[in-house]
Amino acid sequence: MRITDIEIRVCKHQESVMAEGEMRDVQSSDLQFIMVKLSTDAGIDGISMGFAGMGAEMAGAIAVDSLKPFFLGKDALAREKHWHDFRRYDRFWHFPPIYSYGPFDIALWDIAGKIADLPLYKVLGHYREKVPTYVSSLFLDSPGDYADQVAEFKQQGFHGYKLHPPGDYNEALEAYRLCREQIGDDPHFKLMADPVTAHLYYDEALRMGRELEKLNYHWFEEPLYDVDFHGLRRLARDLDIPIAGTEVLVGSHYSTAECIASGVVDIVRSDVSWKGGVTALMKTAHLAESFGIRCEVHTAVYPALDIVNLHCCCAIANCEFFEALIPSTLMRLGVKNPIHIDAEGYAHPPQGAGTGIEWDWDFIDNATIAVH
């Protein structure tokens with residue numbers, strides 16, 4: 001089965017979906033993305049949305065100039081071969097961003113699921129039908145806003161809440177304390193801390209981690225930059241609270257393997273967008289499983305990509321949660337069937353063949369600024 005055509009759309013969502021300031025250090029709150037469609041000589045198409053950061057034109061140009069020539073004409077079922085061939089191809093001066101390969105790999109898995117007439121998680125290896133879900137905050141105005149929000153989502157039945165606290169050290173600690181006071185010591189509802197490398201030094205992260213231990217937080221995520229191996233290794237050694245990381249680390253499971261082996265983190269992170277697609281996420285999860293640690297799947301922000309993330313969560317045993325980014329309006333961008341989260345806080349993957357995504361082509365057409 002050969003890939004006979006590749007369509008790449010460059011897209012910019014024209015309306016704001018987040019309030020100003022909800023994404024730290026980002027001026028625009030509009031979302032930009034690409035769409036990738038792989039057509040085959042068997043008449044089966046694979047479709048994926050792709051992350052574009054703050055530059056849809058750049059992401060589209062890289063997809064057109066580097067990824068499209070690589071995949072065009074290749075066997076649509078040879079996903080593993082393409083993964084290894086692309087490593088060599090990439091080395092010879094392509095060097096695309098970490099989010100470039102993912103949508104092409106997802107589209108290939110979409111084709112595989114459609115051929116099998118099965119939802120993706122059953123093709124990958126059916127482990128469960130639903131995943132406990134925690135809510136992941138954006139950046140709110142004050143510590144009290146986090147406390148109000150955590151109460152709301154606990155009432156809605158979610159299994160946990162992760163704070164992306166204010167950048168100020170003392171305000172962050174206050175937000176952590178207020179959230180614990182708000183929900184009490186409920187063992188069935190977890191609190192997680194993710195300062196998103198808020199310019200902390202090791203000593204600050206150590207003190208913050210000790211406070212989080214007193215507050216019984218479930219994990220401490222990315223307290224230092226992912227490449228600060230020395231500092232993260234010291235934190236993992238000196239703190240009892242698990243250190244989660246590797247989210248934006250280049251090198252997928254290859255670099256993650258060294259982080260596990262040398263004790264840089266206690267929990268690894270992966271997803272289908274920034275790590276190289278479904279193939280890379282599953283490799284990372286199985287790698288982590290062999291070391292007896294969890295691979296937590298981080299939100300890809302874009303709803304279609306999070307649907308694929310959820311399929312992967314349903315196919316692995318060492319992922320405790322599905323991460324749902326709020327506001328919930330994000331979960332509808334470009335799709336007609338947003339992720340169903342039931343009253344007990346479990347996320348359910350769609351049951352259609354492949355990714356099972358029902359695309360909102362009116363939305364995508366309105367957002368499209370170029371087609372290649």
Side-chain angles (χ1 to χ4, degrees), residues 1-14 28 30-40 44-112 248 250-252 270-281 300-309 333-335 354-355 357 359-361 363-372:
M1 182 184 294
R2 295 289 164 183
I3 300 170
T4 56
D5 189 37
I6 299 176
E7 179 185 273
I8 298 169
R9 291 177 178 237
V10 179
C11 304
K12 290 184 178 181
H13 180 47
Q14 302 300 315
S28 172
D30 295 340
L31 291 182
Q32 305 185 29
F33 59 97
I34 66 169
M35 295 294 301
V36 174
K37 178 181 176 182
L38 306 184
S39 299
T40 69
I44 298 174
D45 298 333
I47 302 172
S48 178
M49 185 178 282
F51 185 90
M54 302 306 296
E57 290 95 341
M58 180 189 73
I62 291 169
V64 170
D65 293 341
S66 290
L67 280 297
K68 185 173 181 176
F70 174 80
F71 280 102
L72 193 60
K74 287 190 166 58
D75 184 345
L77 299 180
R79 298 176 301 275
E80 186 70 12
K81 176 175 172 53
H82 303 331
W83 172 266
H84 291 282
D85 286 350
F86 189 79
R87 290 186 66 206
R88 292 185 287 272
Y89 178 85
D90 176 34
R91 179 63 183 84
F92 287 99
W93 301 359
H94 286 272
F95 302 139
I98 59 175
Y99 53 74
S100 300
Y101 190 86
F104 290 84
D105 184 78
I106 293 167
L108 293 175
W109 280 100
D110 189 34
I111 290 171
V248 295
V250 175
S252 187
S270 189
D271 86 315
V272 299
S273 178
W274 297 351
K275 292 296 187 177
V278 174
T279 298
L281 193 162
V301 180
Y302 299 83
L305 294 168
D306 273 339
I307 289 174
V308 185
N309 272 341
L333 294 179
V335 301
T355 63
I357 296 170
W359 295 102
D360 185 348
W361 287 109
F363 173 91
I364 295 168
D365 287 342
N366 287 334
T368 298
I369 61 172
V371 180
H372 301 282

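Please read these numbers as outputs of a predicted model, since none were measured by experiment.
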Subject >> Close side-chain approach of Phe33 to Pro103, heavy-atom, < 4.5 Å >> reply: no

Original post:
Looking at residues at least two apart in the chain, or sitting in another chain, which of them share a salt bridge (Lys or Arg N to Asp or Glu O under 4.0 Å) with Arg9?
Top reply: Glu7, Asp365

Subject >> Under the side chain to side chain donor-acceptor pair (under 3.5 Å) test, residues paired with Asp360 that sit two or more places apart >> reply: none

**OP:** Report the C-alpha distance between Ile106 and Val36 in whole Å, list the side-chain angles of each, state the deciding distance to 0.1 Å, and finish with yes or no for side-chain contact (heavy atoms from CB on, under 4.5 Å).
**Re:** CA-CA 9 Å; Ile106 293 167; Val36 174; over 6 Å; no

Original post:
Under a 4.5 Å cut-off applied to non-hydrogen side-chain atoms, are Trp274 and Val248 in contact?
Top reply: yes

Original post:
What are the two closest heavy atoms between Val272 and Asn309, and how far apart are they?
Top reply: N-OD1, 3.1 Å

Subject >> Thr279: partners by side chain to side chain donor-acceptor pair (under 3.5 Å), with sequence neighbours left out >> reply: Asp105, Trp109

**OP:** Provide the full list of salt bridge (charged side-chain N to carboxylate O under 4.0 Å, His left out) pairs with a residue in residues 66-77, sequence neighbours left out, each pair given once.
**Re:** none

Under 3.5 Å, which donor-acceptor pairs link side chains of residues 45-52 to any protein atom two or more places apart or in another chain?
| from | atom 1 | to | atom 2 | distance (Å) |
| --- | --- | --- | --- | --- |
| Asp45 | OD1 | Ser39 | OG | 3.2 |

Original post:
At what distance, to the nearest 0.5 angstrom, does CD1 of Ile111 lie from OG1 of Thr355?
Top reply: 11.0 Å

Original post:
How many angstroms lie between CZ in Phe71 and NE2 in His82, if you round to the nearest 0.5 Å?
Top reply: 6.5 Å

Original post:
Closest heavy-atom contact between Thr40 and Ala76?
Top reply: CG2-CB, 4.0 Å

Subject >> Heavy atoms from other residues, nucleotides or ligands near CZ of Phe92 exceed 12 (cutoff 6.0 Å) >> reply: no

Original post:
At their closest point, which heavy atom of Lys275 faces which heavy atom of Ala280, and how far apart are they?
Top reply: O-CB, 2.9 Å

**OP:** Kindly say whether Gly354 contributes a backbone atom to a donor-acceptor pair with the side chain of Asp110 at under 3.5 angstrom?
**Re:** no

Subject >> Check: Phe104 ring centroid to Tyr101 ring centroid under 6.0 Å >> reply: no

**OP:** Verify the ring-centre separation between Phe363 and His13: is it less than 6.0 angstrom?
**Re:** yes

Original post:
In chain order, what residues pass the salt bridge (Lys or Arg N to Asp or Glu O under 4.0 Å) check against Arg88, with sequence neighbours excluded?
Top reply: Asp85

Original post:
If you measure from CD1 on Ile44 to CG on Leu38, what distance do you get to the nearest 0.5 Å?
Top reply: 12.5 Å

**OP:** Please confirm whether the backbone N or O of Leu67 pairs with a side-chain atom of Tyr89, one donor and one acceptor, at under 3.5 Å?
**Re:** no

